[in-house]
Amino acid sequence: MNNTRNQPVNIPVSKLRPFAGHPFKVKDNEEMNTLIESVQTQGILSPLIVRPIENTDEYEVISGHRRLHAAVKVGITEVPALIVFLDRDAVAIVLVDSNLHREHILPSEKAFAYKMKAEALAHKENRTDLTSVQLAPKLATEQIAEDAGTSKDTIKRYIRLTNLIPEILQYVDDGRIAFTPAVELSYLYEQEQYDLLEQMELNDCTPSLSQACRFKKMSGEERLDTRSYCHRYERGKSKSA
């Protein structure tokens, strides 16, 4: 990582902007409350990493979004930061790698993080052939899998989740839909997903893996509609009754 300042400098929080498309959520939860208490008593122990925003006196945060949020909550007006000079693709890779070590990461965060890194790696290799079916080229998924200590198929399946509508993806984050059924549902067209969402809310239920696989198959055959959802759910209810 190139930088021309080896020592952190204090930067006003008013001059800091989040990285565009940042995939990790900054939430006011118990972990944030712990971080706020730490910042309140000890200050920012680890400097943020930022890069200059061209033609401005502002900076884009690469690493440290949660620390910045905690500092704002405490009322701190300046935070220590290391200034680096990187292009957007290099920043995306650093941002993803610096956050994936966290203990609690939502499926949606992993999905969009892997997608962001895959696109950045593809751009670095002058690849422009990302598609909705195979979002990450082979070399990118292999590299991400190696860095994450998992398989390339797992990376591709996480990236598939970015095709889910936000409401269904929230079901996945909430643990109401498991990862594998969610991957199958990601192959449904957008309107089909909204039809499914309506049925899930009306019937207060979620598809099993076998149902999700059937929905995917029916969608591919262009014969999936709301009545199909109702039929499948009613049959599932009668079996479990």
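These numbers come from a predicted model, not from an experiment.
- Minimum interatomic distance between A70 and V39 (heavy atoms only, all atoms of both residues): CB-CG2, 4.0 Å.
- Between Q170 and S108, every side-chain heavy-atom pair lies at or beyond the 4.5 Å cut-off.
- One finds the OG atom of S208 at 11.0 Å from the CD1 atom of I177 (value rounded to the nearest 0.5 Å).
- Between the NE2 atom in H22 and the CD atom in E109 there is a gap of 8.5 Å [rounded to 0.5 Å].
- Hydrophobic clustering (ILVMFWY, side-chain heavy atoms < 4.5 Å, transitive): V26 and L106 are in distinct clusters.
- The closest donor-acceptor contact from the side chain of H65 to the backbone of F19 lies under 3.5 Å.
- Applying the side-chain contact (heavy atoms from CB on, under 4.5 Å) rule to T56 yields the partners I53, E58; only residues at least two apart in sequence or on another chain are considered.
- Here the side chain of S219 pairs no donor or acceptor atom with the backbone of K216 at under 3.5 angstrom.
- A 4.5 Å side-chain heavy-atom check between R66 and M32 finds at least one atom pair inside the cut-off.
- A donor-acceptor contact closer than 3.5 angstrom links the side chains of Q143 and D147.
- Under the salt bridge (charged side-chain N to carboxylate O under 4.0 Å, His left out) criterion, R157 pairs with no residue at all, not counting sequence neighbours.
- The two atoms that bring P207 and L185 nearest to each other are CG-CD1, 4.1 Å, heavy atoms only.
- The heavy-atom pair separating Y158 from A111 by the smallest distance is O-CB, 3.1 Å.
- Other residues, nucleotides and ligands contribute over 12 non-hydrogen atoms within 6.0 Å of the CD atom of E221.
- Taking each heavy atom of Q193 and S186 in turn, the nearest pair found is NE2-O, 4.1 Å.
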inquiry  = Could you walk me through whether E190 and I165 satisfy the side chain to side chain contact (heavy atoms under 4.5 Å, CB included) test, starting with their C-alpha distance in whole Å, then the side-chain angles of each, then the deciding distance to 0.1 Å, before giving a yes or no?
reply    = CA-CA 7 Å; E190 182 177 297; I165 60 174; 3.9 Å; yes

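- Looking only at side-chain heavy atoms (C-beta outward), E119 and K115 come within less than 4.5 Å of each other.
- Residue E201 qualifies as enclosed at atom CD: its count of foreign heavy atoms under 6.0 Å is above 12.
- Put simply, CD1 on I155 and OG1 on T150 are 5.5 Å apart, with the number rounded to the nearest 0.5 Å.
- Contact annotation: the side chain of Y114 never approaches that of T141 to less than 4.5 Å [non-hydrogen atoms, C-beta and beyond].
- Between the S38 side chain and the T34 main chain, no donor and acceptor come within less than 3.5 Å of each other.
- Note that the CZ atom of F179 and the CD atom of E184 stand 10.0 Å from one another [nearest 0.5 Å].
- The two residues P47 and R67 make their nearest non-hydrogen contact at O-NH1, 2.9 Å.
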Name the atoms and distances for all side-chain donor-acceptor pairs under 3.5 Å in residues 72-91, with sequence neighbours left out.
| from | atom 1 | to | atom 2 | distance (Å) |
| --- | --- | --- | --- | --- |
| D87 | OD1 | D89 | N | 3.2 |
| D87 | OD1 | A90 | N | 2.8 |
| R88 | NH1 | A20 | O | 3.4 |
| R88 | NH2 | A20 | O | 2.9 |
| D89 | OD1 | H123 | ND1 | 3.3 |

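- Taking the six-membered ring for Trp and the full ring otherwise, the centers of Y187 and F215 sit at least 6.0 Å from each other.
- The two residues A118 and I159 have their closest heavy-atom pair at CB-CD1, 4.1 Å.
- Here the CG-CD1 distance, from L196 to I168, works out to 4.5 Å after rounding to the nearest 0.5 Å.
- Here the side chains of K110 and L161 are not in contact, with every heavy-atom distance at 4.5 Å or above.
- For OH of Y189, the number of neighbouring non-hydrogen atoms (other residues, nucleotides, ligands) closer than 6.0 Å is 12 at most.
- The closest side-chain heavy-atom distance from H69 to L35 is not below 4.5 Å.
- A side-chain donor from one of D195 and Q191 sits under 3.5 Å from a side-chain acceptor of the other.
- Within the model, atoms CG of N163 and CG of L188 stand 11.0 Å from one another, a figure rounded to the nearest 0.5 Å.
- Side-chain atoms of L209 and P181, non-hydrogen and from C-beta on, do get closer than 4.5 Å to each other.
- E60 pairs with exactly one of R51, K15, R17 by the salt bridge (Lys or Arg N to Asp or Glu O under 4.0 Å) rule, that one being R51.
- Side-chain contact between L16 and Y59: present, with at least one pair of heavy atoms (C-beta onward) separated by less than 4.5 Å.
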